[in-house]
Structures are given as structure tokens and as C-alpha cells.
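The structure under discussion appears below in the form of C-alpha cells.
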Amino acid sequence: MSAETNLLDFARGPALEAALIILVFGIFWRLVGVLALPRTRDLSEPRVRHAWLGGVKTIFTRMWPRREFRPRILHWEAVSYIFHIGLAVVILGLVPHILLIRDITGLSWPGLPDGVITFAAGAALISLLALLAHRVTHPVLRQISNFDDYFSWLLVFTPLLTGLMAYYHLGGRYEDLLGLHMLSAELLLAWLPFSKLAHTVFFLFSRGVTGAVYSRRGARI
Amino acid sequence: MGELEETVLDAFRRGGLSRRAFLKFCAATASLLALPPAAATAMAETLARTPRPTVIYLSYQECTACLESMTRSFSPTIEHLIFNNISLAFNDTLQAAAGEAAEAARKEAMRQAWGKYILIVDGAVPMGAGGAYCVAAGQSAVDDLRHAAQGAAAIIAVGTCAAFGGIPYAAPNPTGAVPVSEVIRDRPVINVSGCPPIPEVMTGVVVYYLSFGMPALDHQGRPLAFYGNSIHDRCYRRPFYDEGRFAHTFDDEGARNGWCLYELGCKGPVTYNACATLKWNQGTSFPIQSGHGCLGCSEPDFWDKGGFYRPLSAATGHWPRGEVLGAAALGGVVVGAGMAALARSHQKTSAAKTAKEAGSPPPKEDPHER
Ligand code: SF4
Ligand code: SF4
């Protein structure tokens, strides 16, 4: 009947299904595609017995900048952490999100009160804005940024913003905002495997492989 | 025609009710409509002058619950309102007459008040098979409605079936049912949705129309006075929603403590109706108060939104999640492996080509490649 209600119905129905299919298909495609690529064998003498341990170690050591870089980037690292933690709290702590995840995967856990979620969402939103400002003002960062960076930023920013707006009934009817929120999040899911956002999954592999290769060669990681 | 000159107040008095009762009724209705106190006086003054109107009540594809609900309206009861105060000239369920006598009575009432009567419709209108799914006295519902609408001063679609198609309209809609507004497209239809609507809302809308004319409507054609807020906006369990306290089942601690019913499928956040404020049965309670989530009965397509007990944030589609996503993963693995194999063979051919161009024999299998 109404276009607005249909927006939400579309978001909860076919759009959600399509986004999930693309997400799962895309992640496996990219992952298997990269892992099965031909690589040249390292002929050097392994310097350590279990190079893979170096891989595991790197996953964690790369979570914080090395001492040499700290004075220059530590504050941006912190902002990035605020963003990532805020986003994780919102995605995994809000009960409607948990119910959606439960509906799809069967997994469930207790949720957080809305005050915590709002705080986390606000922090994520502000840090995301700060990171964008940094990206466009920093001469080097700007040079190495492309469409992927900006579009991915937008696709993370929009669900956060529309989610907050829906929750607080700001700027429109709840069902319209909720529909927009869900659709923008679905666009994010479908875009994720094919963009830099794939680091959500790939960071484990890229760090692990880099760490294993270098530790085999005896490099300090 | 003489009857039509009688005012609403005259009819009230004739029904044995005092002027005081009439004023109380106006005050009650004004407060229902959230109008300022002065509006009650204006309403009383207007109704005292307004000729008693004729109401033609037509029922098509419906279950009669709207009429059941309406006849349980508050005091002065809707029975008083419609039988004594508003002239209910035709309703085939309530009237004693049947068959040809009833049809004749209706035609006569419509003829006498042509252009002035209030047309109340409940039920959806089947368009399939040339309208053959709902025929009375040899006339299909759609033809009957078109004709009756021509002589109506106002058209009120009562109940979700008349307003949005409701249950007859639900997939797969075998009769081709449509709401009233899809048959009558050239003028506004006041939609009083709900399955059934709250009786006070139906009364309130009729009285508002008589006193002040067309009420302000929302984008779904519903009077804003009653459908301006969502159930969730006015729900007394809202603090629990905000605190993240939810009932997980209908008999757990949360359910006993009256926590929010979102997880059990409550559609209050996207449902616009007055249940949380006016409540039901003379303000006694409403579904959420008695422990059940809102079904969203006053919204279009409420029957086809994935299930009453599915949380609002969950998917509406009933597709096999595991199978579909498993197949997507498998598809991804196949395509990924295929792409990698392609890359390998491409690498080999280009290596061979480079070697040939350089004049050296093509390399054998790269022994270092894994
Ligand atoms: S019970 Fe329903 S309407 Fe009430 S607060 Fe919870 S979700 Fe909202
Ligand atoms: S609480 Fe919801 S489902 Fe129940 S009567 Fe009100 S609008 Fe309809």
C-alpha cells in the first residue's frame, strides 16, 4: 500500500536475503581466490621451527604501532580504535541486531542498554568524521585514497547515522528511517567482500601470512 | 425529508438523554480527539444545529468484528449514537428487515439523503471474476460501492479490510480484494483502520466530521488525532525497551515483570493507533498490557509481514537460511578456485611466451611453485 511501509518490507525481505547471499558468496570467492593463487616457494633455510607461530603473533603485534611510529600516528590509531570498538558495541550489543543475527545464524547473547549503545554510536560517528577529515587533509593519505576509501566510509557512516535517527525518531517516520537504515546496512554487507572493507575478514589472513613469511626468514616482527 | 431537519441535539433529547448528557458526550469526544476544552463547546454548538445525518453502513468482505467493536462503544453508547442520534438508515447486520424489504429501505434512505449521507464501509471489495465473489441482491460489491459513494457526503472506511484490504487482501488474495480507496479514487476516504478499530475512534471520527468537517489525515488517510502516534511512542513498557530489558518467552521472568515484548514480535514501533492511550473496553486494557505484542493490525499488509512472533528487526522471508547461504558459500568457493586456476594457467602461458620471445626453451613446470 504505502511506499514507506514497503521500503521497510523490502529491506527486511528480498533486500536482506540478496545482501546476505552476496556477502557470503563474495567472501568465499575472494578468500579462496586469494588463498589458491600460485605463490613461489621460499627456498631459504627456515630460521625458526614454527613460522606459523610468527603469523599468529603478528595478528596481535600489528594491533598497536611500533615505537618508532608512535609519536606521529598514535592519536589517529586511538581514534581508529574508538571507531572500531564503538561500531562493534553497536553491532553486537543492540538487541534488535542480536535478534537479526539470531534469526540468521541461531546464535544469541545478551544485549546492552540503549545508553551504552547511543554513547558507542555517537563515539563511532564522531571518530568516523574525524578520520575522514584526516584523510582529506593529510597530503599523503589523500594521494593514496581512492573511490573505495570514500565509498566504504559512506557505507559505514550511513547505517550509523540512520540507525541513530531511527532510534531517536529524528527527521522522519520511524518505519522510513528503519527501512533506510536496514537498506544502507545491506548495501554495506553486499559491498564488503569486494572493497577495502573486506579487511573485516581478511586482516587475519594478511597479517598471519605476512607474519609467517617474515618470521620464517628470521625478521623481527 | 422532515426527519433530516431534526438536529443531533433534538435526537439526543428524543432518545431520553438530557442536554447535560449531550454536553458530557461532547466533552468526552473532544478529549478523545485531544482537542482543547473550548472545542467541546464548539462541538456542542455545532451539533445542536446540525441536522441529524443519515448513515449508510455497507459490509463487504469482512468478519463483522468492526461492527461488534463499534456496538461496544463508550457511554453514551454507539447504539445510542447511531440509532437515536445519528440515523443509521441501513445496516444489514443490525436491522431486522431482510431481503427485498431491506433493499427497498436502503434505496429509499439513500434517495432521501442523496448527496448528504455518511457512507461507512467495512470489508474489502473483491474485484476478481468481475466482482462475483461478493454479490448481494444481484449487485456486486464494487458496483454497489461505486453507486453508494456517488451520493455520499463523506466516506469512512472502517477496519483494516476496508482501509487497506486487510485479511482478504493478504497473499495470495484469491478474490482480488482491494481497499475502498482503490475503488473510490476521485475523493478522500477517511480510513479508520484496525482489526477491529477501537470503538471510540470510530465514534470520535463520525462526531468530528459532523462538528468540524473533514479531519486532518495522515499519509495513509487515517485521522491524525487517533493515528498520529505509534503504539511504541505511547507504550508504558517503553522504559524497559530503552533499558534493554526484554521478555524472551511468554512465561519467563521478563514476561512476569512486564518487560518489553519486542523480542516476542511486538510491532508497536511501526504501528500507528490509539491502543496505548485510549485502550480497549472502556479504557480497561490493551493487548500489550495483557502481555501480548502488538500485531500491527492498523497497518497495511499486517498479515504478510513475516509472522506475528518474529522480531521487527528479523527477516520477513521464510527461506531456508542454512541451505541458501551454504549454497552461496559453495558458489563462492567454486568461483574463487576457478579464478585462481585461471590465474595459474595465465601465468604459465605468459611465462612460456616470454621465454619464447627471449629465444630460450620454455621452462618446465616451476619446481618452486606450490
Ligand atoms: S512492548 Fe512493543 S510497543 Fe511497547 S515498548 Fe516494547 S516494542 Fe514498544
Ligand atoms: S495493540 Fe496493535 S495489534 Fe493490538 S489492537 Fe492495537 S494496533 Fe492492533
Side-chain angles (χ1 to χ4, degrees), chain A residues 1-6 8-14 16-17 20-43 93-100 102-106 108 110-117 166 169 173-175 178-179 182 193, chain B residues 163-165 169 179 181-182 219-220 230 232-233 241-246 248 260 262-263 269-272 299-301 304-306 310-317 319 321-322 324-341 343-344 347-348 366-370:
Chain A
M1 280 293 301
S2 87
E4 291 79 4
T5 325
N6 283 341
L8 180 57
D9 292 347
F10 177 68
R12 291 177 65 203
L16 179 63
E17 192 175 345
L20 289 173
I21 291 173
I22 297 173
L23 173 76
V24 173
F25 173 81
I27 285 184
F28 277 89
W29 167 7
R30 296 277 326 268
L31 212 53
V32 172
V34 171
L35 292 178
L37 272 181
R39 285 187 305 277
T40 44
R41 188 176 288 167
D42 194 341
L43 293 175
L94 183 70
V95 170
H97 293 165
I98 300 171
L99 295 176
L100 174 61
R102 184 183 76 182
D103 180 49
I104 297 160
T105 64
S108 164
L112 294 167
D114 85 317
V116 179
I117 304 290
H169 295 226
R173 288 170 78 90
Y174 178 75
E175 57 275 27
L178 186 62
M182 291 188 82
Chain B
F164 305 130
Y169 187 78
S181 58
E182 274 187 37
H219 66 299
Q220 312 259 33
S230 72
H232 185 67
D233 285 337
Y241 174 91
D242 293 341
E243 283 168 28
R245 288 170 187 255
F246 298 90
H248 306 300
C260 172
Y262 186 94
E263 213 174 307
V270 292
T271 305
Y272 293 80
E299 294 299 317
D301 307 326
D304 285 323
K305 289 192 191 276
R310 266 204 189 177
L312 185 60
S313 62
T316 51
W319 43 284
R321 314 266 193 267
V324 171
L325 296 181
L330 197 68
V333 170
V334 171
V335 174
M339 301 282 271
R344 277 170 191 263
Q347 204 178 41
K348 273 180 204 145
D366 178 1
H368 304 140
E369 195 182 283
R370 281 186 293 178

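Lettering of chains follows the sequences in order, A, B, ..., and the numbering in each one begins at 1. What you see is a predicted model; the values in this text were computed from it and never measured.
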Write down the atom of [X], the atom of [Y], and the distance for their closest heavy-atom approach.
{"X": "Val95(A)", "Y": "Gly111(A)", "value": "CG2-CA, 3.8 Å"}
{"X": "Asp114(A)", "Y": "Asp242(B)", "value": "OD1-O, 2.6 Å"}
{"X": "Pro193(A)", "Y": "Gly26(A)", "value": "CB-C, 3.5 Å"}
{"X": "Ala11(A)", "Y": "Met182(A)", "value": "CB-CB, 3.7 Å"}

What part of [X] lies closer than 4.5 angstrom to a heavy atom of chain A: side chain, backbone, both or neither?
{"X": "Tyr241(B)", "value": "both"}
{"X": "Leu312(B)", "value": "both"}
{"X": "Asp233(B)", "value": "side chain"}
{"X": "Glu263(B)", "value": "both"}

Just so I know, are the side chains of Ser230(B) and Val270(B) near enough to count as touching, which here means a heavy-atom distance under 4.5 Å?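 No - every pair of side-chain heavy atoms lies 4.5 Å or more apart.
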Residue pair Gln220(B) / Phe164(B), side-chain heavy-atom distance below 4.5 Å: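 With C-beta onward as the side chain, the pair touches.
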Quick one, Trp319(B) with Leu20(A), criterion side-chain contact (heavy atoms from CB on, under 4.5 Å). Give me CA distance, side-chain angles, the key distance, then yes/no. CA-CA 12 Å; Trp319(B) 43 284; Leu20(A) 289 173; 3.9 Å; yes
Out of [options], return the one with the most heavy atom pairs under 4.5 angstrom to chain A.
{"options": "Gly332(B), Ala341(B), Gly244(B), Gly338(B)", "result": "Gly332(B)"}
{"options": "Gly322(B), Pro269(B), Ala343(B), Ala327(B)", "result": "Pro269(B)"}
{"options": "Ala337(B), Ala340(B), Ala328(B)", "result": "Ala328(B)"}

Contact leader toward chain B among [options], where contacts are heavy-atom pairs under 4.5 Å:
{"options": "Ile104(A), Leu23(A), Val32(A), Val24(A)", "answer": "Val32(A)"}
{"options": "Leu16(A), Leu112(A), Leu99(A)", "answer": "Leu99(A)"}
{"options": "Gly13(A), Pro96(A), Gly93(A), Gly33(A)", "answer": "Pro96(A)"}

Contacting region of Ile27(A) [heavy-atom separation from chain B under 4.5 Å]: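 When you check distances to chain B, no heavy atom of Ile27(A) falls under 4.5 Å.
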Quick one: what part of Arg30(A) sits under 4.5 Å from any heavy atom of chain B, side chain, backbone, both or neither?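 Arg30(A) has no heavy atom closer than 4.5 Å to chain B.
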Would the distance check show the side chain of Arg310(B) and the main-chain N or O of Asp103(A) forming a donor-acceptor pair, the cut-off being under 3.5 Å?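 No; judged by distance alone, with no hydrogens or angles, the pair does not exist.
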